[in-house]
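Just so we're on the same page: letters track the sequence lines, and every chain starts at 1. The basis for the numbers below is simple: all heavy atoms, side chains too, and nothing from hydrogens, waters or symmetry mates. Since we're looking at a predicted model, the values are computed, not measured.
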Amino acid sequence: MSKNTIKVRFAPSPTGELHLGGARTALFNWLFAQRQNGSFFLRIEDTDKERSKTQYTEQIIDSMKWLGLNWKTPVVYQSGRTERYKHYLNILFKNDLCYRCFCSKDELQQSKVDGHFLYPGTCRNLSEHEIKTKLNQGITFTIRIKIGSGKTMFNDLVYGKNVTDHNELDDFIIIRSDGTPTYNFSVVVDDYEMEISHVIRGDDHLSNTSKQIIIYRALGLKPPQFAHLPMILGPDKKRLSKRHGAPGVQSFADQGYFPDGLLNYLALLGWNPKNDDEIFSLTQLSNKFSLKQVQKKGAIWDEQKLHWISGQHMMQKSSKFILDQVRAINPEWGKGSDIAVLIRILDLMKPRCKSLKEVISLSEPFFISPVVFNDGEKARAWPNQKTASNLIGCLKKLEQIAFWNAQQIESEIKQYVSTKSFSLGKIIMPLRLALFGSLNGPSVYDIIEILGKKEVNKRINFALETFSNI
RNA sequence: GGCCCGUUCGUCUAGUGGUUAGGACUCAGGAUUUUCAUUCCUGCAACAGGGGUUCGAUUCCCCUACGGGCUACCA
């Protein structure tokens, strides 16, 4: 039973916040687990004491929660598993499959400079006596795996058959001189003990996989299945990183993007549903996901497309839901207004926003009267003194409206204009500017309805006053 | 240096031994909105190059070029 259970994990190292590439790897693991009815785990790879920071661990966990990629508790920390690594190391020692290496970093570095790209095996065959002597001298040592001749082969679920000849490998270090395990060792021990069935990770690990399989074999363990994912790249086709100014997941949360929109875009980077559909909820993604449709080619991060997808998600959300989300960010938003009015505002703002922050900033004129006006817009909308008298006339008309709704307002204004010698634009544009402080935004009739008679009066008078004084 | 991986419009991608090489984002133009956005329509735009195999290759094979990864006491 447990043999066939699907278990996957996302294993970031806490040397920085959760970045987009990491999020995509996490997503694919999560989707795979959902699709296969398996479990998804989170493991923090913090064996590098120098670079690992608990603040990053916390941030990664926060980002994962925000994304909604829930994992099976508890979180596994490699730093807490020292005894397990020792256990497996002893097995290697017992079987003479690893050895102490007393070479200094400088020596190894020099060897590289001299053109030896592989470890020459200096310490591979030290005698018991030599080892004892060096230990007594207090020379620090690392531990290297002993790799025999032969070939290692595996079938990657994305990239297909992969063969590595052992003579292209060297006896790499599995335990550092401070006693901590290196990645290639700890990952094997942990994936085995966590009973991971499928290792799904970035293709920067494709070349490491043979080394890990060698360790599995040395320990007499059965390796899991492997699936490597193509990288997410910057515009220069190099792995996307902070160097590109690429923000972490946290930044998208801060800007009020919807996690399912971000995830939707991330999913399309290196995977496709085999048809032309592009907008998916997380559930829809998990119903469709398959490693078979994963691309082998790296994909360049395109913020434009993210914006479009985020906008599509925004339009799909109910305004009630958006209201709750906005209030979660800013509890004061729209305070004092009826919920029905706020919903109305969100209905209008939805098609022009891609994030909650944008919703908040673009809807501001509904709550705060404009005080400053852009000169260019003023020149366009308010060309001469006639504008003021037109507006005053229009205002009078508005005051007589019995049924204060957008349709009524629209017909009144149009009727008013029809009796005059100027075009509708001559009245709509100054109204827009006076009421919204900008020439862009929702229909002016909707704005008027939402603002209410009193506020409309106030704002128009303020504009009349402001512009007459110039 | 060695090994591994990749290469379809600018970008994400579909695709097949014979297609007008399809869709999406972006961009340009148009319709709706006398604004902006949304929506709709139209347009621009790609099989890296060279050899094979074949009646026929974007598709299969080889080479080259280019890009990426690994080659760390990082992961």
How many Å lie between NZ on Lys354(A) and C1' on A37(B), as a whole number? 12 Å
Anything under 3.5 Å between a protein N or O and an N or O of nucleotides 22-25 of chain B, put it in a table, one pair a line.
from: A24(B); atom 1: O4'; to: Glu278(A); atom 2: OE1; distance (Å): 3.3
from: A24(B); atom 1: O2'; to: Glu278(A); atom 2: OE1; distance (Å): 2.2
from: A24(B); atom 1: O2'; to: Lys305(A); atom 2: NZ; distance (Å): 2.9
from: A24(B); atom 1: N3; to: Lys305(A); atom 2: NZ; distance (Å): 3.3

Table of protein N/O atoms under 3.5 Å from nucleotides 42-44 of chain B N/O atoms:
none

Measure from the side-chain heavy atoms of Lys274(A) and tell me the nearest of U11(B), U35(B), G15(B). G15(B)
Taking only Lys NZ, Arg NE, NH1 and NH2, and the carboxylate oxygens of Asp or Glu, determine whether Glu358(A) and Lys354(A) approach each other closer than 4.0 Å. yes
Detail all sub-3.5 Å separations between protein N/O atoms and N/O atoms belonging to nucleotides 46-49 of chain B.
none

Using atom P in both nucleotides, what's the gap between A48(B) and U42(B) to the nearest angstrom? 28 Å
Would you list the protein and nucleotides 69-71 of chain B atom pairs, both N or O, that sit under 3.5 Å from each other?
from: G69(B); atom 1: O3'; to: Arg239(A); atom 2: NH2; distance (Å): 3.3
from: G69(B); atom 1: O2'; to: Asp204(A); atom 2: O; distance (Å): 3.4
from: G69(B); atom 1: N2; to: Ser207(A); atom 2: OG; distance (Å): 3.4
from: C70(B); atom 1: OP1; to: Arg239(A); atom 2: NH2; distance (Å): 3.0

Among residues 256-269 of chain A, which contact RNA chain B at a heavy-atom distance under 4.0 Å? Leu268(A), Leu269(A)
In terms of side-chain heavy atoms of Ser13(A), which of A75(B), G67(B), A37(B) is nearest? A75(B)
Which of residues 286-301 of chain A have a heavy atom under 4.0 Å from RNA chain B? Gln295(A), Lys296(A), Lys297(A), Gly298(A), Ala299(A), Ile300(A)
Of the listed nucleotides (G67(B), U39(B), C73(B)), which one gets closest to any side-chain atom of Lys105(A)? C73(B)
Selection from A37(B), U35(B), G6(B) that lies nearest to any side-chain heavy atom of Tyr159(A): G6(B)
So Arg43(A) and Asp191(A), salt bridge (charged side-chain N to carboxylate O under 4.0 Å, His left out) or not? Walk me through it. CA-CA 10 Å; Arg43(A) 183 172 75 218; Asp191(A) 284 336; 2.8 Å; yes
Go through the steps to decide whether Phe10(A) and Phe41(A) satisfy the test ring-ring contact (aromatic ring centres under 6.0 Å, His included), and finish with yes or no. CA-CA 6 Å; Phe10(A) 172 53; Phe41(A) 295 87; over 10 Å; no
Specify the separation, in whole Å, of atom CD1 of Ile309(A) and atom P of C12(B). 13 Å
Would Arg84(A) and Asp190(A) pass as an ion pair if we require N to O under 4.0 Å? no
Can a salt bridge be assigned to the pair Glu193(A) and Arg81(A) using a cut-off of 4.0 Å between side-chain N and carboxylate O? yes
Please check the phosphate of U13(B) (OP1 and OP2 only) for any side-chain N or O of Asn272(A) closer than 4.0 Å. no
Could you tell me whether Glu412(A) and Lys414(A) make a salt bridge, using a distance below 4.0 angstrom between a side-chain N and a carboxylate O? no
Taking only Lys NZ, Arg NE, NH1 and NH2, and the carboxylate oxygens of Asp or Glu, determine whether Arg380(A) and Glu377(A) approach each other closer than 4.0 Å. no
Once you round it to whole Å, what is the distance between P of A75(B) and CZ of Phe172(A)? 13 Å
Distance-only donor-acceptor test (3.5 Å): side chain Thr182(A), base C73(B): no
In whole angstrom, what separates Tyr85(A)'s OH from C73(B)'s C1'? 16 Å
As a test of reading the structure: which of U11(B), C73(B), U35(B) is closest to the side chain of Ser177(A), going by heavy atoms? C73(B)
Using the P atoms only, state how far G23(B) lies from U35(B), rounded to an integer number of Å. 30 Å
